[in-house]
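What follows is one structure encoded as C-alpha cells, with my remarks underneath.
Bear in mind the structure is a predicted one, so any value in this text is a computation, not a measurement. No hydrogens, no waters, no symmetry mates; every other heavy atom, side chains included, goes into these values.
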Amino acid sequence: MGITSKMIGERGRRQADKLGVDPGRVPPGQYLTERFPVLTVGRNPKVDLESWSLSIWGEVENPFALRWGELMAMEQVTVTTDIHCVTRWSKLDTTWTGVRVRDLLARAGVKPTGTHVMAHSDGGYTTNVPIEALMADDVLVAHTYDGEPLEPDHGAPLRLLVPSRYFWKSAKFLRQLEVMPEDRQGFWELNGYHNDADPFTEQRHWF
Ligand SMILES: Nc1nc2c(c(=O)[nH]1)N[C@H]1C(S)=C(S)[C@@H](COP(=O)(O)O)O[C@H]1N2
Ligand SMILES: [Mo]
C-alpha cells in the first residue's frame, strides 16, 4: 500500500503533538518542516530597486505605482503565521514584515465592481485571489522574512503573503496587483490547481 494523504496528515498531527502545538493547526495531508523549501517556475528575475515599482490598477478609483522608498514609507507590520504548500509541507510560526494588502487596496479605492485580484510577478507568474481573502490582518506584501530581507529564492524584493491559502497563491517577485471585475485564473490555476486553495479542506486540484 502506498503512502496516503491520511497517513501524512497523521504524521503532521503527531509532529505538532510532539512540539506541544495545537494539532488543529496542521491541515489534513500536511507534514511539518523546519526547512524552507524553494518552489519557483523558471529563474529568479534580476531586480534593480531603482527602477522597481509595485502597481495597483484595474477596478480602482486611483491606480498608482509605488517605488521602493514609497512602499517602505507606508505603515510596516510584522505577522507570525503558518504557511502550507500544496506539495504537503507546512511551516509553523513564520514571521514576515511588509505592508498590509488591505492598506494598498484602500489607498487605491476598490470600485464596487472589483471582486478579485490577479497578482502579477516579474517573469510572468500570476495567481488569483478573491478580494475578501486579501482583507485579513495577515495578508501582506512582504519584503522581510524572519527579520532579514527576503532571499532571491523566496521572492526578493517583495512577495505576496496569503497564509489562508496554499502557498502558490503567495506570488514571489510581486510587481502588480490587478483588481478585476470577475474571477480569472492564474498560472497554476490554469494548470490544474484548485481555484480556491483552502488547505483545511484540501482544495489541491480541480480533478
Ligand atoms: N513568481 C512566482 N511566485 C511563486 C511561485 C513561482 O513559481 N513564481 N511558486 C509558488 C509556489 S507553487 C509556492 S509553494 C511558493 C513557494 O515559496 P518558497 O519558494 O518561498 O517556499 O511560491 C509561490 N509563488
Ligand atoms: Mo507550491
Run the side chain to side chain contact (heavy atoms under 4.5 Å, CB included) check on Val26 and Leu32 step by step: do they pass?
CA-CA 8 Å; Val26 186; Leu32 299 182; 3.9 Å; yes
If you apply the rule side chain to side chain contact (heavy atoms under 4.5 Å, CB included), what do you find for Lys18 with Gln15, and how did you get there?
CA-CA 5 Å; Lys18 243 192 192 156; Gln15 289 175 303; 5.7 Å; no
Check step by step if side chain to side chain contact (heavy atoms under 4.5 Å, CB included) holds for Asn195 and Trp206.
CA-CA 8 Å; Asn195 199 54; Trp206 279 117; 2.9 Å; yes
Stepwise side-chain hydrogen bond (donor to acceptor under 3.5 Å, both in side chains) test for Lys172 and Ser121:
CA-CA 6 Å; Lys172 305 193 279 192; Ser121 299; over 6 Å; no
Val41 and Trp188: side chain to side chain contact (heavy atoms under 4.5 Å, CB included), yes or no, with the steps?
CA-CA 10 Å; Val41 185; Trp188 278 120; 3.9 Å; yes
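Considering only heavy atoms from C-beta on, Leu161 stays 4.5 Å or farther from Val101 through its side chain. Inter-residue side-chain proximity for Pro157 and Pro149 is flagged as unmet; no heavy-atom pair is nearer than 4.5 Å. Counting only heavy atoms from C-beta outward, the side chains of Tyr125 and Phe173 never approach each other to under 4.5 Å. In this structure, Leu177 and Ser55 have side chains that are not in contact, with every pair of non-hydrogen atoms separated by 4.5 Å or more. Residues His143 and Thr97 meet the side-chain proximity criterion, which asks for heavy atoms closer than 4.5 Å. Contact annotation: the side chain of Arg35 approaches that of Pro37 to within less than 4.5 Å [non-hydrogen atoms, C-beta and beyond]. At least one side-chain heavy atom of Leu150 sits less than 4.5 Å from a side-chain heavy atom of Trp96. No side-chain heavy atom of Leu105 sits under 4.5 Å from any side-chain heavy atom of Val60.
The pair Asp138-Arg100 fails the salt-bridge criterion, with no side-chain N (NZ, NE, NH1 or NH2) lying under 4.0 Å from an Asp/Glu carboxylate O. A salt bridge is absent between Asp22 and Arg13: the closest approach of a Lys/Arg side-chain nitrogen to an acidic carboxylate oxygen does not fall below 4.0 angstrom. Under a 4.0 Å N-O distance rule, the pair Glu61/Arg107 does not qualify as a salt bridge.
Among Leu140, Val179, Val129, the single residue meeting the side-chain contact (heavy atoms from CB on, under 4.5 Å) criterion with Leu134 is Val129.
Heavy atoms from other residues, nucleotides or ligands lying under 6.0 Å from CD of Glu151 number 12 at most.
Shortest non-hydrogen contact noted between Arg102 and Ala136 is NH1-C, 4.0 Å. In this structure, Pro199 and Pro28 approach most closely via the heavy-atom pair O-CD, 3.9 Å. Closest heavy-atom contact between Leu71 and Val99: O-CG2, 3.6 Å. Annotation for Leu66 and Met74: closest pair CD1-SD, 3.8 Å, computed over non-hydrogen atoms. The nearest pair of heavy atoms linking Pro163 to Val139 is CD-CG2, 4.3 Å. Taking every heavy atom of both residues into account, Glu189 and Trp168 meet most closely at OE2-NE1, 2.8 Å.
Here CG of Asp122 is found 10.0 Å from CH2 of Trp52. Values are rounded to the nearest 0.5 Å. Distance check, rounded to the nearest 0.5 Å: OG of Ser170 to CD1 of Ile83 gives 7.5 Å. Here NE2 of His120 is found 10.0 Å from CG of Asn128. Values are rounded to the nearest 0.5 Å. The distance from atom CZ of Arg159 to atom CG of Leu174, rounded to the nearest 0.5 Å, is 10.0 Å. Rounding to the nearest 0.5 angstrom, the gap separating the OG1 atom in Thr87 from the CD atom in Gln30 is 7.5 Å. Here the CH2 atom belonging to Trp68 is positioned 12.5 Å from the OG atom belonging to Ser51, to the nearest 0.5 angstrom.
By the criterion of side-chain heavy atoms lying less than 4.5 angstrom apart, applied directly or through intervening Ile, Leu, Val, Met, Phe, Trp or Tyr residues, Val141 is not grouped with Val77; the two fall into different hydrophobic clusters. Met180 and Leu104 are not part of a single hydrophobic cluster, where members link through side-chain heavy atoms under 4.5 Å apart.
Under the 3.5 Å distance criterion, the side-chain polar atoms of Lys169 are left unmatched by any main-chain donor or acceptor of Leu160. No donor-acceptor pair under 3.5 Å is formed between the side chain of Thr126 and the backbone N or O of Ala119. For Arg165 (side chain) and Asp196 (main-chain N/O), a donor-acceptor pair under 3.5 Å exists by modelled atom type. Not a single donor-acceptor pair under 3.5 Å links the side chain of Asp153 to the backbone N or O of Val38. No side-chain donor-acceptor contact under 3.5 Å links Glu178 to the backbone of Val117. Panel note: side chain Thr40, backbone Gly42; no donor-acceptor pair is recorded below 3.5 Å. The closest donor-acceptor contact from the side chain of Gln76 to the backbone of Met72 lies under 3.5 Å. Remark: side-chain polar atoms of Asp146 are not paired, donor with acceptor, to backbone N or O of Glu148 under 3.5 angstrom. Arg175 places a side-chain N or O within 3.5 Å of a backbone atom of Ser53 that can act as its donor or acceptor partner.
Two rings, from Phe187 and Tyr193, have their centers 6.0 Å or more apart. Taking the six-membered ring for Trp, His84 and Phe167 have ring centres at least 6.0 Å apart.
The closest side-chain donor-acceptor pair between Glu182 and His116, if any, does not fall under 3.5 angstrom.
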